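Everything below concerns the one structure shown next.
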Amino acid sequence: MSTSRDNARLHGRVVLIAGVVSDIGAAMARRCIAEGAHVLCADLDGDAAARIAGQIGECAIGVECDVTKLESARTAVEVARERFGRLDGYVHNAAAPSSDGGVVDLDVADWHRELDVSLTGAFLMSKFVVPLMRLTGGSIVLVASQLGHVAYCSAKAGLIHLAKLMAVDHATDDIRVNSLSPGAVRTGRLVKSWGSLDAANAALGPLHLRGRIAYPEEIAASAAFLLSNDASFITGTDLLVDGGYTTR
C-alpha cells in the first residue's frame, strides 16, 4: 500500500494477531502495519513471531502465546495493556494442522487439538481481549473457513457461530465481532499438501468462480477492512472471501 501511516485507516490503533507465523498471519501483520497500526505478533513459536515482527519494523512486537493455555492468553493481552494501555483489534488466526477422517477414523487427540486451537483458543483469548477492548471499543475477527459452510468442519463452523454470539453479547461495549472465511489460499501448508503450487491451483482453482486460489494478501486486506471504521456497521456476520467457492 502507498497510503501514509499517518493518514491510514488503522492509524494509532493497537492490533493483536494470534497465529502470525503463517503466510496469512504474516500478511495480516504487514497489512495492519501499512494501515498505520501497532501490531502484536503472537504465536506459539515465540522466536519466529519475534523474527516476523523484526522484519516488519519498529511498530511490531513479537509475543509468545499458546492460545490453548489460559495464563498464556492472559499474558499476551497483558503485553498490549502494559505497552499501549489499549487494544483496538484482535485477529484469531491460530489453527492446528488439519486432520482427515470421519468420526470413526479420526483420532481423538487430533479432534481435541483442532478444537482447542481454533475454537477454545478463540474463547480463551477473548476472555482477556474483551475487558481491555472495552476501554476504547474495537473489532474482533475470528478466521474461520468456507469449509465451515460446506463441510463437517466443526472447529471452523464453531468459530462462525461464536462470532455471532459474541457480537450480541458485546454490542453495548462498542465491540464488533465477525468471522472471516477464506477459500483456498496460496500457503506453504497448501503447497506441501499438494506437492506444488501449480498442482494446488490446478486442483482447487476451478472450484472457485475466480478460477484460482487466493493470495494471502487478499485475506489480509479483508481482515484490515473488518478491523477498520470502514466496517463500522458490520458485526455478527461471516465475511466470505472465497472467490465464489460456496456458490457452486
Side-chain angles (χ1 to χ4, degrees), residues 17-28 42-44 65-68 73 90-103 105-127 129 139-169 176-190 192-194 200 203-204 207-208 213-216 218-223 225-227 234-248:
I17 302 174
V20 78
V21 183
S22 67
D23 296 275
I24 295 174
M28 288 175 173
D43 201 276
L44 180 63
C65 179
D66 182 348
V67 300
T68 70
Y90 173 63
V91 181
H92 189 78
N93 185 57
S98 299
S99 301
D100 295 325
V103 295
D105 300 319
L106 184 64
D107 187 82
V108 173
D110 290 339
W111 166 267
H112 283 297
R113 180 181 59 186
E114 290 196 29
L115 287 176
D116 286 349
V117 175
S118 291
L119 187 56
T120 304
F123 163 73
L124 293 179
M125 292 296 294
S126 297
K127 288 182 70 68
V129 164
S139 173
I140 295 173
V141 179
L142 307 181
V143 180
S145 168
Q146 96 279 12
L147 296 178
H149 289 264
V150 299
Y152 196 74
C153 187
S154 300
K156 295 301 187 181
L159 279 175
I160 292 169
H161 290 282
L162 177 62
K164 295 180 186 298
L165 293 170
M166 288 178 59
V168 173
D169 288 346
R176 297 181 296 105
V177 188
N178 296 286
S179 54
L180 170 60
S181 292
V185 185
R186 297 167 181 253
T187 64
R189 181 183 296 184
L190 189 73
K192 182 178 179 180
S193 176
W194 286 92
L204 302 176
L207 301 178
H208 302 71
I213 58 180
Y215 292 91
E218 292 174 307
I219 311 307
S222 300
F225 163 69
L226 289 175
L227 291 169
I234 300 176
T235 192
T237 195
D238 181 56
L239 179 60
L240 277 165
V241 189
D242 70 344
Y245 182 99
T246 50
T247 63
R248 292 289 191 182

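We use all heavy atoms of the structure for the numbers below, so side chains are in, but hydrogens, waters and symmetry mates are not. Everything quoted here is computed from the prediction, not taken from an experiment.
Taking CG of L142 as the reference point, atom NZ of K164 lies at 11.5 Å (rounded to 0.5 Å). Rounding to the nearest 0.5 Å places CG of D238 at 10.5 Å from CD of Q146. Atoms CG and OG, from L162 and S118 in turn, are 11.5 Å apart once rounded to the nearest 0.5 Å. Here the straight-line distance linking atom CG of D105 with atom CG of D110 works out to 11.5 Å at 0.5 Å rounding. Distance check: Y245 OH to H208 NE2 gives 6.5 Å after rounding to the nearest 0.5 Å. Taken to the nearest 0.5 Å, the CG atom of L165 stands 12.5 Å off from the CD1 atom of I160.
Counted by atom type alone, T68 and D116 present zero donor-acceptor pairs between their side chains at under 3.5 Å.
No donor-acceptor pair closer than 3.5 Å links the side chain of R189 to the backbone N or O of S22. The main-chain N or O of A18 is never found under 3.5 Å from a side-chain atom of H92 such that the two would form a donor-acceptor pair. At least one donor-acceptor pair closer than 3.5 Å links the side chain of N178 to the backbone N or O of G236. Side chain of S179 to backbone of L159: no donor-acceptor contact under 3.5 angstrom is found.
When every heavy atom of T235 is checked against every heavy atom of A167, the shortest pair comes out as OG1-CB, 3.5 Å. Nearest heavy atoms, A73 versus C65: CA-SG, 4.3 Å. I234 and L226 get closest at one heavy-atom pair: CG2-CD2, 4.3 Å. Across every non-hydrogen atom of S154 and L115, the tightest pair is C-CD2, 4.4 Å. The shortest non-hydrogen separation linking L204 to W194 is CD1-NE1, 3.7 Å. The two residues V185 and P216 make their nearest non-hydrogen contact at CG1-N, 3.7 Å.
I140 is listed as a side-chain neighbour of V129, based on a closest heavy-atom distance under 4.5 Å. Residues M28 and L227 are not in side-chain contact: their nearest non-hydrogen atoms beyond the backbone lie 4.5 Å or more apart.
Here the rule is side chain to side chain contact (heavy atoms under 4.5 Å, CB included) with P182, and of L239, L240, V143, D242 only V143 fits it.
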Item to check | Trace of the side-chain contact (heavy atoms from CB on, under 4.5 Å) decision for V20 with N93 | outcome: CA-CA 7 Å; V20 78; N93 185 57; over 6 Å; no

